Protein chains: 2
Amino acid sequence: MTVDRLAHILRGHGLKLTSQRRAVLKVIAGSHGHLTPAAIYELVRKEYPTIGLVTVYRMLEVLAELDLVCRVHGETTCRSYMMRRPSGHHHHIVCSSCGKVVDFARCALDELQHRLSRETGFKIQGHLLEFSGLCQGCLGETAAEDHR
Amino acid sequence: MTVDRLAHILRGHGLKLTSQRRAVLKVIAGSHGHLTPAAIYELVRKEYPTIGLVTVYRMLEVLAELDLVCRVHGETTCRSYMMRRPSGHHHHIVCSSCGKVVDFARCALDELQHRLSRETGFKIQGHLLEFSGLCQGCLGETAAEDHR
DNA sequence: ACCTAGTTGAAAATCATTTTCAATTAGTTT
DNA sequence: AAACTAATTGAAAATGATTTTCAACTAGGT
Ligand SMILES: [Mn+2]
Ligand SMILES: [Mn+2]
Ligand SMILES: [Zn+2]
Ligand SMILES: [Zn+2]
């Protein structure tokens with residue numbers, strides 16, 4: 001997506017077009033990888049040395065709000081833990097209401113993985129898969145609430 | 001996994017069995033959901049009010065080292081961003097070396113999702129899927145290095 | 001040119017995590 | 001049972017990331 005197109009979208013939402021915002025957009029739109037706020041800040045500073053880190057944070061908030069950025073998950077960037085129950089390769093279904101977790105093993109991603117490897121040239125080494133929703137218990141509760 | 005079994009594993013790795021560690025183990029092993037360090041700390045304090053938050057952090061480090069805990073990823077707990085390229089539902093393949101991201105759309109998880117929903121009683125509302133590996137460029141570089 | 005709501009950035013506040021260090025203790029050795 | 005010792009603990013300080021506050025500034029409308 002071009003910076004001008006993005007700028008137009010922002011304006012369409014009643015947001016002002018400042019040179020700081022343009023600079024941030026240029027950096028994020030011009031990169032082919034994911035960037036942390038700090039990394040974006042460092043890159044933007046080369047073009048706009050007086051920009052504040054706060055402005056980068058605020059810009060990311062706006063972009064996330066408008067669903068213009070994607071979040072990328074790192075293997076080790078989450079600090080929510082639970083005791084490991086199955087010992088081998090497995091994944092989780094997480095209840096977004098109470099946090100309950102159920103494990104499952106057969107993810108059947110080999111076929112997809114091979115296809116993607118072929119199509120993108122990546123040597124794929126791992127995957128992250130997680131389902132989210134409501135557990136039976138929490139489903140019952142919301143049903144009971146709806147009933148009142 | 002029982003606390004005694006866990007305690008035994010720790011001891012097998014030359015780690016001392018303190019009452020603090022027992023208390024932390026009891027809380028994590030007794031929960032059916034994922035917990036942040038702060039949440040674990042609050043729960044442990046009920047049984048062991050003088051424990052320090054530092055001890056919880058250290059215990060989690062140990063458990064992660066021995067691969068006795070699982071990490072759970074939250075939708076919004078990662079702060080690495082990139083500009084959104086496709087507009088609809090899609091996923092990422094991330095290069096663990098340079099951070100490059102390639103998108104793909106057909107994840108074909110419906111079948112799996114239905115099976116899991118049936119088997120677990122969850123109302124599944126979303127999923128998180130991400131592949132990681134090395135992009136073509138970074139593959140070339142490591143090959144060149146190996147050649148020297 | 002003027003107005004004004006939105007925006008900015010320095011600084012302080014808040015929150016999470018790590019480091020430091022002196023005191024304590026688990027598990028071993030006498 | 002007492003002594004020993006390396007591992008462990010927790011208060012406090014240090015570090016790092018993110019948010020809040022607020023006075024000054026500016027984009028875009030009139
Ligand atoms: Mn698990
Ligand atoms: Mn994407
Ligand atoms: Zn639930
Ligand atoms: Zn790469």
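What you see below is based on every heavy atom in this structure, not just the backbone, and it leaves out hydrogens, waters and symmetry mates. First the proteins, then the strands, lettered A, B, ... as listed; each starts at 1. All of these numbers come straight from a predicted model, not from anything done at the bench.
When each of B/Thr50 and B/Gly14 is assigned the nucleotide of DNA chain D bearing its nearest heavy atom, the one mapping closer to the 5' terminus is B/Gly14. Between A/Thr55 and A/Arg79, the residue anchored nearer the 5' end of DNA chain C, judged by the nucleotide with its closest heavy atom, is A/Thr55.
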Problem set entry | Base versus backbone protein contacts along nucleotides 20-30 of chain C [heavy-atom cut-off under 4.0 Å; B, S, -] | B-----BSS--
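With rounding to whole Å, B/Glu61 atom CD is found 15 Å from D/dG10 atom P. As a whole-Å value, the separation of B/Tyr57 OH from D/dA11 P is 16 Å. For the pair B/Met59 CE and D/dA7 C1', the interatomic distance rounds to 14 Å; values are reported in whole Å. Rounded to a whole Å, the CG atom of B/Leu60 is 12 Å from the C1' atom of C/dT17. D/dG10 atom P lies 9 Å from atom OH of B/Tyr41, rounded to whole Å. Distance CD1 (A/Ile51) to C1' (D/dT26): 15 Å, rounded to an integer number of Å. In this structure, A/Leu10 places its CG atom 13 Å from C1' of C/dT7, rounding to the nearest Å. With rounding to whole Å, B/Leu53 atom CG is found 13 Å from D/dT9 atom P.
Counting all heavy atoms, side chain and backbone alike, B/Cys138 lies closest to B/Ser97 at SG-OG, 3.5 Å.
Between its opening and closing five pairs, the helix from C/dA1-D/dT30 to C/dT30-D/dA1 changes axis direction by 20°, a value rounded to 10 degrees.
Within a 6.0 Å sphere centred on CD of A/Glu47, other residues, nucleotides and ligands contribute 12 heavy atoms or fewer. Shown here is A/Arg22, whose CZ atom has no more than 12 heavy atoms of other residues, nucleotides or ligands within 6.0 Å.
Applying side-chain contact (heavy atoms from CB on, under 4.5 Å) to A/Cys70 and the options B/Arg85, B/His90, B/Met83 leaves one that passes, B/His90. Each of B/Val3, B/Leu63, B/Leu15 was evaluated against B/Arg21; a single residue qualifies, B/Leu15, per the side-chain contact (heavy atoms from CB on, under 4.5 Å) test. In summary, of the residues considered (A/Ile28, A/Leu66, A/Asp67), a side-chain contact (heavy atoms from CB on, under 4.5 Å) with B/Arg84 occurs for A/Asp67 alone.
In summary, the aromatic rings of B/His91 and B/His127 are positioned with their centroids under 6.0 Å apart.
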For this session: Verify side-chain contact (heavy atoms from CB on, under 4.5 Å) between A/Phe122 and A/Leu116, making sure each step is shown before the conclusion.
Result: CA-CA 8 Å; A/Phe122 264 71; A/Leu116 291 172; over 6 Å; no
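A salt bridge links A/Glu42 to A/Arg45: one of the charged nitrogens lies within less than 4.0 Å of a carboxylate oxygen.
Considering only side-chain N and O atoms, A/Gln20 lies under 4.0 angstrom from the phosphate OP1 or OP2 of C/dG9.
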